[in-house]
Every structure is written in C-alpha cells, then in structure tokens.
There are 2 protein chains.
Amino acid sequence: MKKIEINSERFDNMVENIKKYGGCPVSATLKIIGGKWKPLILYFISVDVNRFGQLQRMMPDCSKRMMTTQLRELEKDGLINRKVFAEVPPKVIYTLTITGENLRPLFGELRKWGIENILEPKKKS
Amino acid sequence: MKKIEINSERFDNMVENIKKYGGCPVSATLKIIGGKWKPLILYFISVDVNRFGQLQRMMPDCSKRMMTTQLRELEKDGLINRKVFAEVPPKVIYTLTITGENLRPLFGELRKWGIENILEPKKKS
DNA sequence: CAGAATCCAGCACGATACTG
DNA sequence: CAGTATCGTGCTGGATTCTG
C-alpha cells in the first residue's frame with residue numbers, strides 16, 4: 001500500500017483554518033463578517049468613509065471601544081488595511097484589502113435576501 | 001404643503017422589521033442566519049436530514065438544548081417548518097420554507113468566499 | 001484625532017438531569 | 001423520540017475615564 005504524500009504549507013494553512021473555524025466555510029465566513037458593526041463598517045469603508053472619526057459620525061450608536069475592537073478584528077482577519085500617518089494630530093486611514101473587496105458579491109446577496117425576505121416580505125397572495 | 005399619505009400594512013411591517021434589525025438588511029440577515037449552529041442545521045435540513053435525532057447525530061457537538069433553541073429560532077424567523085406527527089413515539093419533521101429555500105444562492109456565495117479567502121487563501125505570488 | 005484601560009451587565013452557550 | 005428544566009460560566013458588548 002502506498003503512502004499518500006502531502007506536501008505544502010498551503011495544506012497546513014487549511015488545516016489550521018479548518019480547525020479554527022470548525023471546518024465549515026459558511027460558518028467561518030459568518031463568524032468573520034458577523035460582528036455587530038462589521039457590515040456597516042465595511043460598507044462605509046468601501047465608499048471611502050475611511051477615517052476613525054468619520055466612521056464614528058456615521059455610526060453614533062457604536063462606541064469608540066467597539067469601533068476600535070471591530071476595526072482591529074477586521075484588520076486581523078485581513079479584510080481591511082490600517083495606514084498610520086506620523087503626524088500631529090494623528091491620522092489613520094482605513095481601506096479594504098483585496099479579500100475585503102471580494103466580499104462585494106456576497107454582500108449583494110445578503111442585502112438582496114434581507115430586503116426580499118425580511119424588510120419587505122411579500123404577502124402570500 | 002401637502003401631507004404625505006402612507007397607507008399599508010406592508011409599510012407597518014417594514015417599519016417593524018427595520019426597527020427590529022437596526023435598519024440594515026445585511027445586518028438583519030446576518031443576525032438571522034448567524035446562530036452558532038444555524039448554517040449547519042439549514043444545510044442538513046436542505047439535504048433531507050429532517051429529524052431531530054438525525055440532526056443530532058450529524059452534529060454531535062451541538063447539545064440537545066442548543067439544537068432545540070436554534071430550531072425554534074429558525075422556525076420563528078420563518079426559515080423552517082416544524083411538522084409534528086401525533087404518534088408514539090413522537091415524530092417531528094423539519095423542512096425548509098420558501099424563505100429558507102431562498103437562502104441557497106446566498107449560502108453559495110458565503111461558501112465560495114469562505115473557501116477562496118479563508119480555507120484556501122491564494123498565496124500572493 | 002484616534003485610540004487605551006478598566007469595570008460591569010446580560011446573554012449566548014454548555015453540562016447535566018428529567019419527561020410525555 | 002424529541003424534547004424540557006435548571007444551573008452555571010465565559011464572552012460580547014456598554015459606560016466611563018484617561019492619553020500621546
């Protein structure tokens with residue numbers, strides 16, 4: 001019987017990610033984008049509302065603390081970039097990564113289903 | 001100046017749902033399908049694993065309590081039907097509603113993004 | 001301006017035992 | 001078979017204060 005040869009860091013990466021997210025790509029995705037303010041944050045960044053203060057003004061119900069933690073998680077998960085300018089007063093710009101940009105069709109489907117099935121459910125007539 | 005006339009239960013319904021889910025259809029959708037076991041449950045029901053015990057065997061890490069609460073929430077949100085047969089021993093069958101079936105393309109996108117961006121992220125080479 | 005630190009409440013979720 | 005009932009805990013997220 002032949003041994004199976006597996007050889008790639010990519011495989012290690014997969015194993016790591018599968019363990020981390022329970023093996024289901026759907027659950028994994030939901031976990032990453034499912035934070036309370038993440039969809040809104042991603043949306044605003046995608047339309048160039050890209051500074052901390054601006055984001056706060058768009059989402060007054062999101063505290064600074066929450067804004068910070070959600071931004072850090074999005075950064076850690078590779079959905080956004082954080083660029084710090086060494087100025088006084090400090091200036092930070094957030095942008096979507098490629099991975100973040102890749103979310104667009106997914107968000108389109110999320111939005112579509114939400115509108116058609118929750119916000120404006122058709123009467124069964 | 002003319003008063004705007006708004007008249008429809010549909011509008012009331014929308015207002016209700018918008019308040020309930022914060023007005024963002026994306027967040028609303030994520031809230032509904034984002035339960036810890038809901039994607040798996042919906043998936044298994046969609047492939048006709050439609051009884052409580054069967055679902056439990058497919059997801060041994062999901063306790064009875066969690067299975068019950070998640071199923072009840074899915075039912076309340078109109079994604080699944082629960083049909084009870086008056087027999088001994090009791091028999092219950094779960095099926096997707098139309099609204100639940102409508103999730104298919106969305107789940108397709110969730111799965112696709114998860115695989116391409118988390119489980120098997122491309123090296124930048 | 002863009003956070004960090006600390007404290008705290010609520011609830012999601014888990015473990016276990018019991019039931020029509 | 002398909003659940004309840006009860007108890008317990010850890011994490012998510014809120015309020016407030018402080019800082020380079």
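Heavy atoms only: backbone and side chains are in, while hydrogens, waters and symmetry mates are out. As the structure is a prediction and not an experimental result, all values here were calculated from the model. Chain identifiers are assigned alphabetically (A, B, ...) following the order of the sequence lines, protein sequences preceding nucleic acid strands; residue numbering begins at 1 within each chain.
- B:S63 comes within 4.0 angstrom of nothing in the nucleic acid, heavy atoms only.
- Counting to the nearest Å, the C1' atom of C:dG3 and the CD atom of A:Q54 are 16 Å from each other.
- The NZ atom of A:K31 sits 9 Å away from the P atom of C:dC13 (whole-angstrom rounding).
- Position along DNA chain D of the nearest nucleotide to A:G34 versus B:R51 favours B:R51 as the more 5'-ward residue.
- When the side-chain nitrogen and oxygen atoms of A:K64 are compared with OP1 and OP2 of D:dA15, none of them lie within a distance under 4.0 Å.
- Looking at the side chain of A:K36, the nearest of the listed nucleotides C:dC1, D:dG14, D:dG3 is D:dG14.
- Rounded to whole Å, the distance from CD on A:E87 to P on C:dA2 is 10 Å.
- Remark: A:R65 is not in phosphate contact with D:dA15, judged by side-chain N or O atoms under 4.0 Å from OP1 or OP2.
- Across C:dG20, C:dG3, C:dC1, the shortest atom-to-atom separation from the side chain of A:F52 is found for C:dG3.
- The phosphate of D:dC1 (OP1 or OP2) has no side-chain N or O of B:Y94 nearer than 4.0 angstrom.
- Annotation: salt bridge (charged side-chain N to carboxylate O under 4.0 Å, His left out) contacts of A:R104 (sequence neighbours excluded): A:E101.
- For B:K36, there are no salt bridge (charged side-chain N to carboxylate O under 4.0 Å, His left out) partners at least two apart in sequence or on another chain.
- Rounded to an integer number of Å, the gap from A:Q70 CD to C:dG3 P is 14 Å.
- Dashed line: the shortest gap from a side-chain N or O of B:R72 to OP1 or OP2 of D:dT4 is under 4.0 Å.
- The interatomic distance linking B:M66 (CE) with C:dA12 (C1') rounds to 7 Å, in whole Å.
- Two residues are said to be in side-chain contact when any heavy atoms from C-beta on lie closer than 4.5 Å; B:I41 and B:I80 fail this criterion.
- The shortest side-chain heavy-atom distance between A:V92 and A:F85 does not fall under the 4.5 Å cut-off.
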- Evaluation steps, side chain to side chain contact (heavy atoms under 4.5 Å, CB included), between A:R82 and A:R72: CA-CA 9 Å; A:R82 180 169 179 268; A:R72 291 299 129 82; 3.0 Å; yes
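- Rounded to an integer number of Å, the gap from A:K38 NZ to D:dG13 P is 8 Å.
- Atom-to-atom, CZ of B:F85 to P of D:dG3 comes out at 13 Å; the value is rounded to the nearest Å.
- Side-chain proximity of B:R82 to D:dG3, C:dG3, D:dG13: nearest is D:dG3.
- With rounding to whole Å, B:E73 atom CD is found 8 Å from C:dC13 atom P.
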